[in-house]
Number of protein chains: 2
Amino acid sequence: MSITEHDTTKERITTAAGEIFAERGFDGTTVRDICQRAGANIAAVNYYFGDKQRLYVEAVCQAHRWRMEQFPLPAWDGNTLSETKLADFIATFVRRVRSGPGATWHSKLMMREMANPTAACAELVQSSIRPQFEILLQILRELSSEEVALDTLRLTAFSIVGQCLFYHFADPVIRNLLSDDEYKSLDVEQLSTHITDFSLAAIRRLSRAPRAGAAR
Amino acid sequence: MSITEHDTTKERITTAAGEIFAERGFDGTTVRDICQRAGANIAAVNYYFGDKQRLYVEAVCQAHRWRMEQFPLPAWDGNTLSETKLADFIATFVRRVRSGPGATWHSKLMMREMANPTAACAELVQSSIRPQFEILLQILRELSSEEVALDTLRLTAFSIVGQCLFYHFADPVIRNLLSDDEYKSLDVEQLSTHITDFSLAAIRRLSRAPRAGAAR
DNA sequence: GCTCGTTTCAAACACTTGTTTCAATCAATT
DNA sequence: AATTGATTGAAACAAGTGTTTGAAACGAGC
């Protein structure tokens, strides 16, 4: 997470790389900057990772592993309400994307990877995003009536995930749009509650009347 | 929009720059590539724009102007239903972000600017994003009961905008998540309809019972 | 104490980058 | 046709890039 002198050179480089890649992107980052922050020699990148590209992939994967471990989904048993599961899922998602005062460099790095997909993106989807998405789909299945089509469930899942991710990728815009006080009031708790309320309300109403009939 | 031999050298460069900046970002783009696609000499960048940075700002602003002109909000009169306005707003938003088979380079460029804000970002928020946001807030005011707080309206607006933008910035992930047929079925019409239905259902239910009481 | 594999270091290499230069070319005006 | 200013062109420049090199320093095992 942060660089200490106790870490090995390889670990220090991976961490420093993640931080700088997150801030400036792949092309905007130089291996000299990374090694300077890591307190290592330039040749160490070649020695430990082969080249800059493989160091990047390693940094992205490590950042992702850390984020997942840091904010795991709570354990559910057979008695857990589906509504509670959805609230937990959303709260965890928002926390992963918006922990602490602002977004950490972990999620910034992930976001960059999604906006500018490299080799790391496909593997990330397969190993982590897809399982998470399946969990959400299962929760939505429990919350909806039987006859709701899979297409609709998927779109609903996208609506929920979209709301959560918005607060990360649109952060600079939100900052410009709101006053300082308004911005600071957007804490994880309030956002999670709103997204859960909003989504649950929509699910319940749509489930009751499959086509609510928007004016159009 | 696309480069033709009838355009002036300056116009061809601006367009080519927008396309390549959108695809590879500022640092990943070389002025040599831009000038090659524009069929111009390298020195033309310095001659017309001064340097690469000012060419970038010009390209971003032009792309934004084009996108707005290409997909304007429809004209509403006093009789237009608020529900219709919301549907129009969402459909226009989705179209701007996802016109044609995929996202055009216009919106890609805008997204990059939001993810990696430069000088162009703040001005963009002031001149365009804020007015659009106010329009959405006004629509939501009309749709909600009097006692709904401004904070709630804002969060609702974020929920709607987040759903729309999701299909742009998460596009590579969606592609990996769905099969080809499923992905191709996500046309602008279906997405707009779903987001409108979903949001309208949530607004109506939340407006009826301000705290729907999510389990948590 | 010596050896051998691992790790670190300063320096250099090969290449690409944005930018500049200045002569050649073009197009309109006289 | 000549002139003048705007535009284009090929080449070069200076700075920075990722990568490589080969020797020095280190550390555990004998």
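These figures come from a predicted structure and were not determined experimentally.
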- Query: When all nucleic acid strands are considered with a 4.0 Å heavy-atom cut-off, which category describes B/Phe49: base, sugar-phosphate, or nothing?
  - Reply: nothing
- Task: Would you indicate what A/Tyr48 reaches in the nucleic acid, counting non-hydrogen atoms under 4.0 angstrom: base, sugar-phosphate, or nothing?
- Result: sugar-phosphate
- Message: Just checking A/Phe158 against A/Phe133, ring centres under 6.0 Å apart?
- Response: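 Here the rings of A/Phe133 and A/Phe158 have centres that are less than 6.0 Å from each other.
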- Task: Flag the pair B/Phe169 / A/Phe166 as yes when their ring centroid distance falls below 6.0 Å, and as no otherwise.
- Result: no
Okay, side chain of [X], backbone of [Y]: is any donor-acceptor separation there less than 3.5 Å?
| X | Y | answer |
| --- | --- | --- |
| B/Arg96 | B/Phe71 | yes |
| B/Arg67 | B/Met110 | no |
| A/Ser128 | A/Leu124 | no |

- Item | Heavy-atom protein contacts under 4.0 Å, nucleotides 18-27 of chain C, coded B base, S sugar-phosphate only, - none | BBBB------
- Message: I'd like the 5' and 3' limits of the part of DNA chain D contacted by chain A, with heavy-atom contacts below 4.0 Å.
- Response: D/dT17 to D/dT21
- So which pairs with a foot in residues 152-164 of chain B pass side chain to side chain donor-acceptor pair (under 3.5 Å), sequence neighbours left out? A/Ser159-B/Gln163, A/Gln163-B/Ser159, A/Glu182-B/Arg154, A/His194-B/Ser159, B/Asp151-B/Arg154, B/Gln163-B/Ser199
- Query: Which residue pairs satisfy the side chain to side chain donor-acceptor pair (under 3.5 Å) criterion with at least one member in residues 41-53 of chain B, sequence neighbours excluded?
  - Reply: B/Asp51-B/Arg54
- Message: Under a 3.5 Å cutoff, is there a donor and acceptor pairing between the side chains of A/Tyr183 and A/Asp171?
- Response: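 There is such a pair between these side chains.
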- Partners of B/Tyr56 by ring pair (Phe, Tyr, Trp, His ring centres under 6.0 Å), sequence neighbours excluded?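 With sequence neighbours excluded, B/Tyr56 shows a ring pair (Phe, Tyr, Trp, His ring centres under 6.0 Å) to B/Phe21, B/Phe26, given in chain and number order.
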- Any idea which heavy atoms bring A/Leu153 and A/Leu140 closest together, and the distance?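 Looking at all heavy atoms of both residues, the shortest contact is O-CD1, 3.6 Å.
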- Query: Given axes from five pairs at either end, by how many degrees does the helix from C/dG1-D/dC30 to C/dT30-D/dA1 bend, rounded to 10°?
  - Reply: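 Roughly 10°, once rounded to the nearest ten degrees.
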